[in-house]
Amino acid sequence: MEQIAQWIAGRPQASSDAAFLPVHDPVHGKPYAYCPRGSSDDVDAAVAAARAAYPAWSRMSGSQRAQWLNRLADAIEVRSEAFSQCESRDTGKPLALVRDIEIPRAIANFRFFAAACTQSLDQAFHQEAGLNYTLHQPLGVVGVISPWNLPLYLLTWKLAPALAAGNCVIAKPSEITPMSADLLARTAQEIGFPAGVLNIVQGSGETVGAALVSHLDVKAISFTGSTTVGHRIAAVCADQFKKVTLEMGGKNPALVFQDAPAHTLQTLVRAAFQNSGQICLCGSRILIHRDIYADFKKAFVTAASNLKIGAPSDPGTQLGPVMSEPHFRKVLSYIAMAREEGGSILCGGDAVSPSGYEGWFIAPTVIENLPMDSRFCQDEIFGPVVSLHAFDDDDQALALANASRYGLAASVWTNDLARAHRMAAEIECGIVWINTWMQRDLRTPFGGMKDSGFGREGGMEALKFFTEPKTVCIGTLPNG
Ligand code: NAD
């Protein structure tokens, strides 16, 4: 069994008590590696290493830091097949999904923020009261905490702006999918990335995550994960007046109108089931105008039933397993609950074993006849399961879309521009796609409203989060 390390001060290290956690392969449902079960002592050691590295890293010019980020991006690109194999094995995702989307996006994250950090946020003001200029200075040592659903993609989405802005980082990847973070740290070491600037402490959220959040020398926390954990982190950060950004759960509506364009069906099937529904942006409540409900439902169920479930390396696999045994049990329990709540299962509804694999596979599941206030429709399930709902007019579609504690993303499918603009303005969420899904310009703010998020990532928002503005005012002579 493979054994990975933590990376503190540029060196691989065991946890302070030499304890390990098993890492499972979701296709077979069996452990295949061990990752360190880090402790609060490991967090202390990583913070000390980051503090020691901070003066040199923060004093570099933006273009010097950009060079390092670009070198790291280049090194990932050279090893992209190794990263893809590593991520796909750890998560059970189809290899093509990782190769074509997730690893390229991790590389793009570093290149994007390498370019962004050479575009200064600083401003100057004069002629009203002296000469004023603002500096945007790095915070110091910051913590980034990431989930298991897009391990390297989401970790680098936080690391890149934090480093670009001049901070030194302690990263805490999910203990369920720790492998690509380890490969990233190994890659950084191979290219001579400055020691202590990027530290990775592996282990459980309750121990390593909590120690990182409460550490007094950690000046900000950037978190992506569940709303439950986000609440806990927010409380600790509030007590310390620590900067925090929280990217949390979603229960995203897709609104399909009578005049939806032809590609709607195909894109919505992808939006529902990509990564086995384990993307915070997946559409899981599909609202369909009553005039087209019956036809759309039939076509959607046929397309969902035809998705090919299998192992990552099997040619043509479109859907892998879900990522852990507790999550597998959770998703199945919600399907059982949907039955109890009066839902009709139109396809799927059960665990499956494609080609005899014994891992955590669940057939794509489509359910109707559930009221919007049912638990199934209110809770984030985060698996290959969606519910269909009919609506009669725009107002009812909006009311159903907004009947959720979450507000991350929505998609609207119509060729009526006026309707699209109204929906975009009135749906309560951080991003609305019109006739598309998952397209992202990295310069735009990213995040959710309501219980989905606090703060924004992306573009200059991320650089602002990882810096502190400081105003300098130079007095002018009375007649100057
Ligand atoms: P999770 O909240 O269980 O864990 C996320 C991370 O937090 C992990 O690294 C975990 O170890 C750590 N953690 C757990 N307890 C902690 C604590 N007390 N203190 C500090 N850290 C702690 O989430 P998950 O199950 O790994 O990921 C799935 C969730 O992530 C879903 O809710 C999904 O919607 C959400 N997500 C949101 C976005 C977004 O952009 N809004 C993106 C991806 C995933």
Side-chain angles (χ1 to χ4, degrees), residues 21 23 35-38 40 43 90-91 102 105 109 143-158 170-178 180-181 200-215 218 221-237 242 244-252 274-284 322-331 334 379-383 404-410 429-431 438 440 444-458 461-462:
L21 292 170
V23 183
C35 95
R37 197 184 68 195
S40 59
V43 173
D90 207 22
T91 60
E102 298 187 15
R105 171 62 191 275
N109 287 340
V144 307
I145 301 177
S146 50
W148 45 256
N149 64 318
L150 299 160
L152 193 71
Y153 174 128
L154 288 176
L155 177 66
T156 53
W157 183 232
K158 297 176 179 301
I170 320 297
K172 204 308 253 173
S174 169
E175 58 274 37
I176 295 168
T177 54
S180 55
I200 295 188
V201 183
Q202 304 273 14
S204 77
E206 291 75 22
T207 307
V208 174
L212 187 57
V213 171
S214 61
H215 202 296
V218 173
I221 292 290
S222 174
F223 167 80
T224 298
S226 62
T227 300
T228 308
V229 172
H231 262 129
R232 274 184 230 149
I233 291 178
V236 177
C237 290
K242 186 174 285 190
V244 63
T245 179
L246 305 166
E247 299 295 341
M248 302 179 286
K251 189 78 181 178
N252 308 310
Q274 186 165 311
N275 201 27
S276 299
Q278 302 167 118
I279 303 179
C280 55
L281 303 168
C282 278
S284 53
V322 299
M323 246 165 264
S324 69
E325 187 172 15
H327 193 55
F328 172 76
R329 297 199 182 289
K330 173 189 156 178
V331 176
Y334 269 96
D379 293 357
E380 183 188 48
I381 301 171
F382 216 55
S404 171
R405 63 187 279 229
Y406 294 109
L408 187 56
C429 66
I431 179 165
M438 212 45 186
R440 290 271 298 119
T444 56
F446 176 84
M449 295 181 183
K450 304 201 274 191
D451 284 2
S452 289
F454 181 78
R456 291 290 181 271
E457 296 188 321
E461 297 289 328

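Indexing begins at 1, ligand by ligand and atom by atom, following the structure's order.
- To the nearest 0.5 Å, atoms NZ (Lys172) and CG (Leu155) are separated by 10.5 Å.
- No hydrogens or angles considered: nothing links the side chains of Arg232 and Thr228 as a donor-acceptor pair under 3.5 Å.
- Ligand-side atoms of ligand 1 in range of Leu154: 42 (C), 43 (C), range being under 4.0 angstrom from any heavy atom.
- Rounded to the nearest 0.5 Å, atoms CG (Leu408) and NZ (Lys251) are 13.0 Å apart.
- Ligand 1 has no nitrogen or oxygen under 3.5 angstrom from a nitrogen or oxygen of Thr227.
- Proximity annotation for atom 5 (C) of ligand 1: of Val229, Thr224, Ile431, Thr224 comes nearest, heavy atoms only.
- Scanning all protein heavy atoms for the shortest distance to atom 20 (C) of ligand 1 gives Gly209 C, 3.3 Å.
- The distance from atom CG of Asn149 to atom OG of Ser276, rounded to the nearest 0.5 Å, is 11.5 Å.
- Counting the atoms of ligand 1 from 1 in the order shown, those under 4.0 Å from a heavy atom of Glu247 are 37 (C), 39 (C), 40 (O), 41 (N).
- When Pro147, Gly430, Gly225 are ranked by how near their heavy atoms come to atom 29 (C) of ligand 1, first place goes to Gly225.
- Contacts of Ile279 with ligand 1, taken as heavy-atom pairs under 4.0 Å, are absent altogether.
- Between the side chain of Thr227 and the main chain of Gly249, a donor-acceptor pair closer than 3.5 Å is present.
- Looking only at protein heavy atoms, the nearest one to atom 8 (C) of ligand 1 is Ser146 O, 3.4 Å.
- Note that CD of Gln278 and CE of Met323 are 4.0 Å apart. Values are rounded to the nearest 0.5 Å.
- Between atom 22 (C) of ligand 1 and the options Ser174, Gly250, Gly205, the minimum heavy-atom separation is to Gly205.
- Taking every heavy atom of Glu175 and a limit of under 4.0 angstrom, the matching atoms of ligand 1 come to 10 (C), 11 (O).
- The protein heavy-atom contact nearest to atom 23 (O) of ligand 1 is Ser226 N, 3.4 Å.
- Distance alone, capped at 3.5 Å, places no donor-acceptor pair between the Lys450 side chain and the Cys429 backbone.
- Below 4.0 Å from some heavy atom of Pro173 lie the following atoms of ligand 1, by number and element: 9 (O).
- At a heavy-atom distance under 4.0 Å, no atom of Gln278 approaches ligand 1.
- A side-chain donor-acceptor contact under 3.5 Å links Asn109 to the backbone of Tyr153.
- Residue Phe454 qualifies as open at atom CZ: its count of foreign heavy atoms under 6.0 Å is 12 or below.
- Taken from CD1 in Ile431 to CG in Leu281, the straight-line distance is 7.0 Å, to the nearest 0.5 Å.
- Looking only at side-chain heavy atoms (C-beta outward), Met248 and Phe223 come within less than 4.5 Å of each other.
- Between Ser452 and ligand 1, not a single N/O pair is under 3.5 Å apart.
- Proximity of Ser222 to Glu457: side-chain heavy atoms (C-beta onward) are separated by under 4.5 Å at one or more points.
- With a heavy-atom cut-off of 4.0 Å, Asn149 touches ligand 1 through its side chain alone.
- Considering only non-hydrogen protein atoms, atom 26 (O) of ligand 1 sits nearest to Trp148 CD1, 3.0 Å.
- Among protein heavy atoms, atom 38 (C) of ligand 1 sits closest to Cys280 SG, 3.1 Å.
- Here Met248 has backbone heavy atoms under 4.0 Å from ligand 1, and that is the only part of it that gets that close.
- If you number the atoms of ligand 1 from 1 as listed, the ones under 4.0 Å from a heavy atom of Phe223 come out as 2 (O), 5 (C), 6 (C), 7 (O).
- Taking the side chain as every heavy atom from C-beta outward, Val218 and Ile221 approach each other to under 4.5 Å.
- With hydrogens left out, the protein atom closest to atom 28 (C) of ligand 1 is Phe382 CE2, 3.7 Å, a heavy atom.
- For atom 36 (N) of ligand 1, a protein heavy-atom neighbour is present inside the 4.0 Å cut-off.
- In this structure, the separation between CG on Asp379 and OH on Tyr334 is 3.5 Å, given to the nearest 0.5 Å.
- The backbone N or O of Ala210 sits nowhere less than 3.5 Å from a side-chain atom of His215 that would complete a donor-acceptor pair.
- Ligand 1 does not have Gly448 within reach: every non-hydrogen atom of the residue lies 4.0 Å or more from it.
- With a heavy-atom cut-off of 4.0 Å, Ile176 does not touch ligand 1 at all.
- Using a non-hydrogen distance threshold of 4.0 Å, Gly203 does not register as a contact of ligand 1.
- Distances below 4.0 Å separate heavy atoms of Ala210 from the following atoms of ligand 1: 19 (N), 20 (C).
- Side-chain atoms of Asn252 come within 3.5 Å of backbone atoms of Cys282 as a donor-acceptor pair (strictly under, hydrogens ignored).
- Closest to atom 40 (O) of ligand 1, if we only count protein heavy atoms, is Phe446 CE2, 3.3 Å.
- Considering only heavy atoms from C-beta on, Ser284 stays 4.5 Å or farther from Ile381 through its side chain.
- Of all the heavy atoms of Leu150, none lies under 4.0 Å from any atom of ligand 1, so neither backbone nor side chain is involved.
- Scanning all protein heavy atoms for the shortest distance to atom 34 (O) of ligand 1 gives Glu380 OE2, 2.5 Å.
- In terms of polar-atom proximity, Lys172 is counted as a contact of ligand 1, with an N or O under 3.5 Å from an N or O of the ligand.
- For Thr224 and Lys158, the side-chain atoms include at least one donor-acceptor pair closer than 3.5 Å.
- Residue-ligand proximity, Leu408 to ligand 1, at heavy-atom distances under 4.0 Å covers atoms 41 (N).
- Of the heavy atoms in Ile145, only side-chain atoms (C-beta onward) come closer than 4.0 Å to ligand 1.
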